[in-house]
2 protein chains.
Amino acid sequence: MSRASEHAYAAIRAHVLSGTVAAGEQLTEDQLAQITGVSRTPVREAVRRLEDELLLVRSDTKRLFVADWSRDDIEEMFVLRQMLECHAAERAAKRLSREQIAALEVLNRDLTAAVEQSPPDVARFLEANRAFHEAIIDAAHSPRLGQLLARLVEAPVVLRTARIYSQSDLRQSARDHDELVAAFAARDGDWARAVMGSHLRRAFHTFARAVGPKTDEAANDQDSGEP
Amino acid sequence: MSRASEHAYAAIRAHVLSGTVAAGEQLTEDQLAQITGVSRTPVREAVRRLEDELLLVRSDTKRLFVADWSRDDIEEMFVLRQMLECHAAERAAKRLSREQIAALEVLNRDLTAAVEQSPPDVARFLEANRAFHEAIIDAAHSPRLGQLLARLVEAPVVLRTARIYSQSDLRQSARDHDELVAAFAARDGDWARAVMGSHLRRAFHTFARAVGPKTDEAANDQDSGEP
DNA sequence: CGAGCGCGATTTGTATACAATAACCACGCA
DNA sequence: TGCGTGGTTATTGTATACAAATCGCGCTCG
């Protein structure tokens with residue numbers, strides 16, 4: 001994507017994730033154009049992408065709002081991500097070269113180092129974690145799978161990127177990654193799939209804990225405002 | 001989507017699917033604007049959607065081409081679709097109301113009637129088939145799942161919508177749907193998943209047969225033109 | 001003869017003006 | 001008071017002009 005458009009995308013995304021606008025709040029293209037310093041044309045392109053990633057949503061009359069993720073939304077997202085990423089892990093187990101497996105080890109050493117600092121360096125953890133998962137998805141060698149996962153993975157990492165993680169959460173993640181590397185080294189697709197499954201399901205519960213208790217209600221209407 | 005934009009989307013899609021432009025051929029936004037009778041702005045929006053659906057692709061330098069689906073692309077797509085749609089069938093089995101199950105029966109009666117004509121009415125079959133699968137996905141009640149599947153399902157149905165199907169293929173599809181309805185009526189998610197799995201895997205082979213033999217080669221470069 | 005280079009033509013990207021549509025508010029009427 | 005209804009403002013959608021990037025081709029120079 002091109003300069004202005006890409007910039008608008010990053011800026012709007014950062015703006016939304018910074019939390020300076022509340023979930024459910026309306027945004028206008030003009031506003032975003034001013035914030036990003038480009039015209040509405042590239043803003044509209046950026047907004048389309050962010051809609052795709054479900055960070056923004058439109059009302060039935062095309063007005064734009066910051067998306068409001070319920071616990072059920074997050075669970076749904078993690079279920080899909082688990083399904084797809086387990087598949088990716090299984091394929092990756094058959095396809096990763098020795099060099100790629102070594103590279104995963106290096107990535108996870110960095111991740112572990114970030115975790116064992118005190119206090120843990122969460123930003124560095126997140127970046128290493130992202131790179132680790134991305135490497136596996138790339139190795140699965142299924143471009144459409146990668147494309148589908150891109151939408152799912154990006155969204156929630158985002159969701160208030162901060163004090164969700166306890167150090168024990170982070171340590172468990174690092175251990176999961178170690179076990180994944182072991183499964184890859186053994187070329188055991190079933191093992192890799194199983195580890196990835198528990199890894200992501202635990203991640204879901206970490207998020208769910210942060211976002212609040214189970215709702216059992218749908219109640220995720222963005223549009224109708226009646227109480 | 002808005003009037004011009006929606007029209008451009010439909011027109012470009014039809015244009016590509018009609019086969020009047022060859023796979024791999026370049027398109028320009030101006031061309032498409034002329035064809036569709038709207039300006040480049042809505043054309044660009046439509047093109048974005050079609051890129052998303054993988055009907056169009058961009059070279060590394062942003063030039064636009066008609067996508068060229070290899071057999072491996074089709075297989076990848078069906079594998080993903082199977083994974084997601086089996087999940088949808090399993091969820092649907094737990095959620096479909098008696099009325100919705102009855103509606104599926106009606107849809108499949110229409111599909112069967114289309115199949116049993118001579119010659120079979122393929123267009124009517126395709127439409128009933130689409131509606132049947134869509135109803136299941138809706139009943140799964142997972143909006144993101146629906147969104148992901150939309151991209152996967154649309155693309156290949158498209159791919160030269162015609163003389164791929166023998167009457168026996170069509171009849172088997174109708175029988176699969178009947179069995180799905182039975183699984184739903186029994187509220188048996190495992191059964192539904194299994195039937196959906198074989199249904200889609202068979203569909204893949206029908207497509208694969210039409211598009212040619214297994215390649216074992218990657219060779220799906222859109223950009224580099226050296227022979 | 002071939003590899004790099006420059007320049008006109010083509011194509012995509014961005015800004016801006018204007019058109020269409022939807023929300024808002026105030027007013028009048030039952 | 002409650003509810004339509006008209007006009008006014010805010011917001012999104014489209015067209016168009018222009019800017020930036022890219023391509024293709026012929027040319028020069030080694």
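Computed over heavy atoms, backbone and side chain alike; hydrogens, waters and symmetry mates excluded. By convention in this document, chain letters (A, B, ...) are assigned in the order of the sequence lines, proteins followed by strands, and residues within each chain are numbered from 1.
Checked against ring pair (Phe, Tyr, Trp, His ring centres under 6.0 Å), A/Y9 has no partners two or more places apart in sequence or in another chain. The side chain to side chain contact (heavy atoms under 4.5 Å, CB included) search around A/A203 returns A/F78, not counting sequence neighbours. Partners of B/A192 under the side chain to side chain contact (heavy atoms under 4.5 Å, CB included) rule, at least two apart in sequence or in another chain, are B/A89, B/A93, B/L180, B/A183, B/F184. Remark: B/E76 engages A/R144 in a salt bridge (Lys or Arg N to Asp or Glu O under 4.0 Å) (not counting sequence neighbours). Shown here are the salt bridge (Lys or Arg N to Asp or Glu O under 4.0 Å) partners of A/E105, two or more places apart in sequence or in another chain: there are none.
Among residue pairs with one or both ends in residues 22-47 of chain A, those qualifying as salt bridge (Lys or Arg N to Asp or Glu O under 4.0 Å) are A/E29-A/R40, A/E29-A/R44, A/E29-A/R58, A/R44-B/E45, A/E45-B/R44, A/E45-B/R48; sequence neighbours excluded. Judged as a ring-ring contact (aromatic ring centres under 6.0 Å, His included), the pairs with a partner in residues 131-150 of chain B (not counting sequence neighbours) are, in order, B/F132-B/H177, B/H133-B/H177, B/H133-B/H199.
When heavy atoms are screened at a 4.0 angstrom cut-off, A/R40 is found touching base atoms of the nucleic acid. Residue contacts shown for A/S2 are limited to sugar-phosphate atoms, with no base heavy atom under 4.0 Å away.
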Which protein N or O atoms sit under 3.5 Å from an N or O of nucleotides 8-11 of chain C?
residue: C/dT11; atom: O4'; partner: B/R63; partner atom: NH2; Å: 3.3

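Where DNA chain D meets chain B (any atom under 4.0 Å from a heavy atom), the bounding nucleotides read 5' to 3' are D/dG13 to D/dC23.
Residues B/R49 and B/E6 meet the side-chain proximity criterion, which asks for heavy atoms closer than 4.5 Å.
With rounding to whole Å, B/R3 atom CZ is found 13 Å from C/dA22 atom P.
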